[in-house]
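One structure is given below, encoded as C-alpha cells.
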Amino acid sequence: MGNKFVLVGGGSTQSPSILEVLRRRYQDLDMTELVLYDNDPIRVNMLGKYTKMYYEESGSPVRVSYTTDIDAALTGADFLFMQIRPGLNKQRAIDEKICMRHGIVGQETCGLGGFSFAMRVIPAIMSILEKVRQLCPDAWILNYTNPEAVLSEAISQQFPDLKALCICDMPISIEEAIAGYFHKPLRDLTFKYFGMNHFGWWTNIIDEHGVDLLPQLRQDVQSGRTTTLLQTNEETIGDQYWSDTYKRMIRLFKLFPEYLPNCYLQYYLTPDEMFEDVDIDYTRGDYVMAGREKRIYDECKRVIENGSAKDSSLHAGDHGNYIVDIANAIIHDTRERFTVNLKNNGAISNFDSEAVVELPVYIGSAGAESINVGQIPTFQKGLMAQQKAYEKLTVEAALTGSWQKALEAAVMNKTVPSYRVAQETLQDLYQANKSLWPKMTGLPDFAVEV
Ligand code: G6P
Ligand code: MN
C-alpha cells in the first residue's frame, strides 16, 4: 500500500506548485492517492477537476480525487499538507485597509492584519486537528497555513501528540537568492539562522570550503556594491512587492549589520515606511486577487470547458519543492537540513524553552532534530521576547475569545503605537470579522447591539 496525500485547503491559489511537484515526484514519495480537500466547493471542484485531468493526461498512475467531506479526506491519510485561508484573500484585503485607516500596517501575517487572520485561522485549524486525532493520528502534518508564527505556537500547545511540522517557504527562498548571489549551488551552502517565523536572522553562510560568506555579503552591502540579492532572471523580480522587499531587506542589513534579517522584519523595524509605501486603495490582497487568483481559476475554467489539460502546465516553484522535499526526507529518513518552527527546548539557550522558534533542523523519519544555537544578542532577544508575548496572547485570545487578551496582544504588537490605536483598530476588525472570529467575551460598549 502506497501513501495517501491530502491537501487541506486544496482549492488554494498556493496549491498548483505543490500539485506539480507531487506529480513529478510521486515515485519518490510512493504516493498512490492524492485528495484535494477544501470547505469551499467551488474552488475545490475547479482545482480538483483540473488536477484529475492534468495527472491523467500526463500518464500519472496516482488516484486523484477532491472532496468537501473532511472525514473521507482524512481517513487513511499518511501526509497532510495544510494551507487554509478562512475569509480568503478578500478578507485579507479588508483587514489591510482597516489597519491602514488607523495609521498602521495591515499585512496578512504581521501587525493587526496578522492578528485578525490568526483569529480566523486558529479555531479552524484546531477543529481540523481534532479530526486528525480521531481519524489519522499517525499522519504527518506539514503546515504552511499562516500566520505560521502564531499558529505553530497554538499547535505546539494544543496538539503536542500529533506529528506536525510548521514550515514557511521564506527562509528557503532567501537562501536560494543568497546562493544565486554567490553563484553557488544551494546544496554547497550551510545556513545558520535563528528567530521566529517571519522574524529571524541569518548568522552564518558557510560555503563548501567551510568559509563564512556573511562577512563578504556585509562588506558588499556596506560599500554599496549590492542593494539586492535577487538576480535579474529571478521570477519574483516581475512582482514589484518582492523586488522592493528584497531591496529593503538589504537596506535593513546595512542599518543593522550584525546579522542578515528575514525580509519580514521590514514590518517591525520600519513600520512607518512600510505604511507609507502601501496604497490603501490597492493593497497586496487586491493585487493577489487580481493576479494569481484570477489567473489560476480562469485557467481551471478554461481547461474544464475544453475537456483537456494537454495545453496547460503548472509551475513547480520553491513553495512546492520545499514541502515535498520535507515529506521525502521523512519517508526516506534522509536527515537533510531544513528550517522549521518547533519548540525551542533550549536550542536558543537564553530564550523561553517552551516557546516555538524557527531554526534549522535535520529531518528524518523520526521528525525534526534541532541544532544548538546557544546565546543570542540582546537586540534580537528583546525583539523576539516582545513578539513572542504578542503571539502567545493572540493564541489565548483566539482560544478563549477574551477581548482583554486581544487588546493585550494588540498593544504588545510592535506595529501598534498605543492603547487607543489598538482598541479602535480591533473594534473595526471585529465588526468586519464577526462571523469569522471566535465568539468574543468581555466586549466593550461599542459592540452592544441596540
Ligand atoms: C511568502 C511567505 C508566505 C506568504 C507569501 C505571500 O511565501 O513565506 O508566508 O503567505 O509570501 O505571498 P502573496 O503573493 O500571497 O503576497
Ligand atoms: Mn511564510
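Below, all heavy atoms of this structure are taken into account, side chains as well, without hydrogens, waters or symmetry copies. Computed from a predicted model, the values in this text were never measured in an experiment. Every number for a ligand or one of its atoms is a count from 1 in the order of the listing.
With respect to atom 6 (C) of ligand 1, the closest heavy atom belonging to the protein is E108 OE2, 3.4 Å. Atom 7 (O) of ligand 1 has as its closest protein heavy atom D169 OD1, 2.6 Å. Atom 15 (O) of ligand 1 has as its closest protein heavy atom R292 NH2, 2.8 Å. Given atom 12 (O) of ligand 1, the protein heavy atom at minimum distance is W242 CZ2, 4.2 Å.
Tested against S116 for a side-chain hydrogen bond (donor to acceptor under 3.5 Å, both in side chains), the candidates D95, T394, D428 yield a single pass: D95. Tested against D298, the residues R295, R302, K294 include a single salt bridge (Lys or Arg N to Asp or Glu O under 4.0 Å) partner, K294.
For ligand 1 and C168, the ligand atoms under 4.0 Å from any heavy atom of the residue are 8 (O). Every atom of ligand 1 with a heavy atom of R284 under 4.0 Å away is listed here by number and element: 13 (P), 14 (O), 16 (O).
Residue contact annotation: Y264 has a non-hydrogen atom under 4.0 Å from ligand 1. For the pair Y287 and ligand 1, no heavy-atom separation below 4.0 Å is found. Using a 4.0 Å heavy-atom cutoff, Q107 is absent from the residues neighbouring ligand 1. Using a 4.0 Å heavy-atom cutoff, N146 is listed among the residues neighbouring ligand 1. The closest approach between a heavy atom of H198 and any atom of ligand 1 is below 4.0 Å.
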Check the pair Y66 / Y37 against ring-ring contact (aromatic ring centres under 6.0 Å, His included), numbers first and verdict last.
CA-CA 6 Å; Y66 50 94; Y37 160 75; over 10 Å; no
Side chain to side chain donor-acceptor pair (under 3.5 Å) between N39 and T68: does it pass, once the steps are laid out?
CA-CA 5 Å; N39 65 359; T68 54; over 6 Å; no
List the steps and the verdict of side chain to side chain donor-acceptor pair (under 3.5 Å) for Q157 and E153.
CA-CA 6 Å; Q157 287 176 18; E153 189 63 47; 3.3 Å; yes
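With hydrogens and angles ignored, the 3.5 Å screen pairs a side-chain donor or acceptor of H332 with a backbone N or O of D28. Side-chain N or O atoms of E148 include one that pairs as donor or acceptor with a backbone N or O of I167 at under 3.5 Å.
Under 4.0 Å is where a charged nitrogen must lie from a carboxylate oxygen, and between E354 and K388 no such pair does. Taking 4.0 Å as the cut-off between side-chain N and carboxylate O, D352 and K392 count as a salt-bridged pair.
With a 4.0 Å heavy-atom cut-off, ligand 1 is reached by no atom of E148. The residue F117 has no part lying near ligand 1, judged by heavy-atom distances below 4.0 Å. When heavy-atom distances to ligand 1 are checked against a 4.0 Å cut-off, Q83 has no atom that comes that close, whether in backbone or side chain.
Atoms SG of C168 and NE2 of H198, as seen from the Mn ion (ligand 2), are separated by an angle of 100°, to the nearest 10°.
No side-chain donor-acceptor contact under 3.5 Å links E336 and Y362.
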